[in-house]
Amino acid sequence: MMTPPKKQLERSRLDFFLKFANQVPAGEMEPSEEPDFLIHGSDRVIGIELTDLYLEPAPGNKPEQEIEAAHDKIIGKAEEIYIGRQLPPLDVLFSLNDHVRLIEKDIISHAETLAGLVSNNIPEPGGSVELRDCCEHITLPSILHFVRILWLDSPNETFFGKSRSAWLNTLRREDVDRVLAKKNSRYSAYKSRCDEVWLVISGDFSSTASWFDLDDRILAEKFTTPFDRLYLARHFAQQVHELQVQKPTNESSSRSKSSD
């Protein structure tokens with residue numbers, strides 16, 4: 001599956017925000033850069049800056065989105081290799097091992113291994129095969145926990161996909177502050193083009209690195225930021241929460257400017 005162009009993805013984030021947020025004024029929408037969109041209302045122009053939230057990995061671990069990208073490359077290449085062998089169309093679901101160290105030069109080797117495993121375990125038409133790392137009759141490669149192979153009657157195209165599970169961490173104040181630290185210094189540039197600037201932080205979407213549990217106490221926290229309004233958008237939960245903000249003091253503002 002191809003990644004949407006940047007502006008298309010931003011537009012989908014914006015549409016979600018507009019659907020679930022309260023008190024967003026009506027107006028003409030203008031795609032922009034710094035901020036990402038401008039809403040031209042009857043009495044003011046509101047700038048909307050969008051950013052995604054990824055939770056930090058545990059010390060010594062790779063970021064989740066880096067692991068996902070490597071897994072996508074392996075599975076995509078494995079699908080390409082399998083299709084090139086002109087074998088029956090299959091629906092294949094892999095569960096890969098996050099703890100196997102992946103190096104770019106090994107991507108092809110892993111892909112060939114997975115394609116070979118599927119090629120050697122094609123089920124009967126309409127049937128399925130499941131292989132797990134706990135099976136006694138087969139030893140799976142270290143990168144693989146599980147594979148399910150289906151030969152369905154209707155699809156005429158092969159599809160290789162992946163299944164992942166993630167332990168949900170609770171969103172912490174530090175996670176939001178980390179996003180603000182990257183965005184606060186750009187506020188003046190955004191503000192030069194509008195009357196107000198709202199920052200929308202998106203999480204809980206397709207990438208497991210963005211999944212989190214929400215402790216409602218964080219909604220009572222006050223976050224130091226020059227942004228006029230701050231929002232947290234949770235896509236799977238279909239919720240948008242407004243976070244409380246307090247403007248930086250003159251001292252902290254000048255310190256931020258001197259560090260730019």
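Quick note: numbers below take in every heavy atom, side chains included, and nothing from hydrogens, waters or symmetry partners. Everything quoted here is computed from the prediction, not taken from an experiment.
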Heavy-atom closest pair (Pro88 atom, Thr158 atom, distance to 0.1 Å) is O-OG1, 3.8 Å
Checking Lys247 side chain against Pro226 main chain: does a donor-acceptor pair fall under 3.5 Å? yes
In this structure, OG1 of Thr225 is separated from CG of Leu243 (nearest 0.5 Å) by 10.5 Å
- [ ] Could you go through the salt bridge (Lys or Arg N to Asp or Glu O under 4.0 Å) check for Arg229 and Glu196 one step at a time?
- [x] CA-CA 8 Å; Arg229 299 179 82 163; Glu196 295 180 19; 5.6 Å; no
Review point. So, the side chain of Asn184 versus the backbone of Ala181: is there a donor-acceptor pair under 3.5 Å, distance only?
Key: no
Student check: side-chain heavy atoms of Phe223 and Arg173 closer than 4.5 Å: yes
*Main-chain N/O of His40 paired to Glu28 side chain as donor or acceptor, under 3.5 Å*: no
Residues pairing under salt bridge (Lys or Arg N to Asp or Glu O under 4.0 Å) where one sits in residues 139-152, two or more places apart or in two chains, turn out to be Asp91-Arg148
Decide yes or no for Phe94 and Ile74: does some side-chain heavy atom of the first lie under 4.5 Å from some side-chain heavy atom of the second?
-> no
Within a reach of under 6.0 Å around CZ of Arg217, are more than 12 heavy atoms found that belong to other residues, nucleotides or ligands?
no
Does CD in Gln246 sit with more than 12 non-hydrogen atoms of other residues, nucleotides or ligands closer than 6.0 Å? yes
* Would you sort out whether Asp15 and Lys19 count as a salt bridge (Lys or Arg N to Asp or Glu O under 4.0 Å), showing the intermediate values? => CA-CA 6 Å; Asp15 289 343; Lys19 180 178 180 179; over 6 Å; no
Could you walk me through whether Val245 and Phe227 pass the side-chain contact (heavy atoms from CB on, under 4.5 Å) test, one step at a time? CA-CA 8 Å; Val245 301; Phe227 286 95; 5.8 Å; no
Report yes if some heavy atom in the side chain of Leu117 is under 4.5 Å from a heavy atom in the side chain of Leu140; otherwise report no. yes
Here the pair of heavy atoms bringing Ala78 nearest to Ala115 is O-CB, 3.6 Å
Next on the checklist: Closer than 3.5 angstrom, by distance alone: can the side chain of Arg178 be matched with the main-chain N or O of Tyr54 as a donor-acceptor pair?
Outcome noted: yes
Residue pairs passing the salt bridge (Lys or Arg N to Asp or Glu O under 4.0 Å) test with at least one member in residues 110-125, sequence neighbours excluded, are none
Report task. Kindly work out whether a path of hydrophobic side-chain contacts (I/L/V/M/F/W/Y, heavy atoms less than 4.5 Å apart) joins Leu50 to Phe236. Result -> no
* Kindly indicate, with the supporting measurements, whether the criterion side-chain contact (heavy atoms from CB on, under 4.5 Å) is fulfilled by Met29 and Ile48. => CA-CA 10 Å; Met29 192 69 59; Ile48 305 291; 5.8 Å; no
Next on the checklist: Apply side-chain contact (heavy atoms from CB on, under 4.5 Å) to residues Leu87 and Val118 and explain how you reach the verdict.
Outcome noted: CA-CA 10 Å; Leu87 294 169; Val118 173; over 6 Å; no
Residues at least two apart in sequence or cross-chain that pass side-chain hydrogen bond (donor to acceptor under 3.5 Å, both in side chains) with Lys73, listed by chain then number, are Glu104
Within-4.5 Å side-chain heavy-atom neighbours: Leu232 and Leu214: yes
Checklist line | Hphob cluster co-occupancy, Ile108 + Leu96, side-chain heavy atoms under 4.5 angstrom | finding: no
- prompt: Leu144 and Tyr82: same hydrophobic cluster, using ILVMFWY side-chain contacts below 4.5 Å?
  reply: yes
Tightest non-hydrogen contact, residues Cys194 and Val197, listed as SG-CG2, 3.7 Å
Indicate the ring-plane relationship of Tyr231 and Trp198, choosing parallel, tilted or perpendicular according to the 30° and 60° boundaries. tilted
**Report entry** salt_bridge(Glu10, Arg13) N-O dist < 4.0 Å
**Finding:** no
Problem set entry | Side-chain heavy-atom pair Pro123, Leu90 within 4.5 angstrom cut-off | yes
**Asked** Hey, is the main chain of Leu102 close enough, under 3.5 Å, to the side chain of Asp106 for a donor-acceptor pair?
**Response** no
When rounded to the nearest 0.5 Å, the distance separating CD of Glu79 from CD of Glu157 is 9.0 Å
ask   = Tell me, do Phe159 and Leu93 make a side-chain contact under 4.5 Å, heavy atoms counted?
value = no
message: Could you tell me if the side chain of Asn97 sits less than 4.5 Å from the side chain of Ser142, heavy atoms only?
response: no
Side-chain ion pair, Asp228 and Lys191, N-O less than 4.0 Å: no
**OP:** With side-chain contact (heavy atoms from CB on, under 4.5 Å) as the test, would you mind laying out the steps for Thr170 and Ile218 before giving the verdict?
**Re:** CA-CA 10 Å; Thr170 300; Ile218 201 169; over 6 Å; no
When rounded to the nearest 0.5 Å, the distance separating NZ of Lys77 from CG of Leu114 is 13.0 Å
Check ion pair Asp213-Arg234 (N to O, under 4.0 angstrom): no
The reported gap from CG in Asp204 to CD in Gln238 (rounded to nearest 0.5 angstrom) is 10.5 Å
Ser210 side chain to Phe205 main-chain N or O, any donor-acceptor pair under 3.5 Å?
-> yes
Thr51 side chain reached by Val179 side chain, heavy atoms, under 4.5 Å: yes
d(Glu33 CD, Glu49 CD) to nearest 0.5 Å is 8.5 Å
Stepwise salt bridge (Lys or Arg N to Asp or Glu O under 4.0 Å) check, Arg186 with Glu34:
CA-CA 8 Å; Arg186 301 302 305 156; Glu34 294 200 336; 2.7 Å; yes
Nearest heavy-atom contact between Arg44 and Pro25 is NH2-CG, 3.9 Å
If two hydrophobic side chains count as joined below 4.5 Å and joins carry through other members, does Tyr187 share a cluster with Leu199?
yes
Heavy-atom nearest pair, Gly47 first then Pro35, reads CA-CG, 3.7 Å
Under a single-linkage definition using a 4.5 Å side-chain heavy-atom cutoff for Ile, Leu, Val, Met, Phe, Trp and Tyr, are Leu38 and Tyr190 assigned to the same hydrophobic cluster? no
Margin query: Distance to the ring centre below 6.0 angstrom and angle to the axis at most 45 degrees; does that hold for Lys7 and Phe37?
Written below: yes
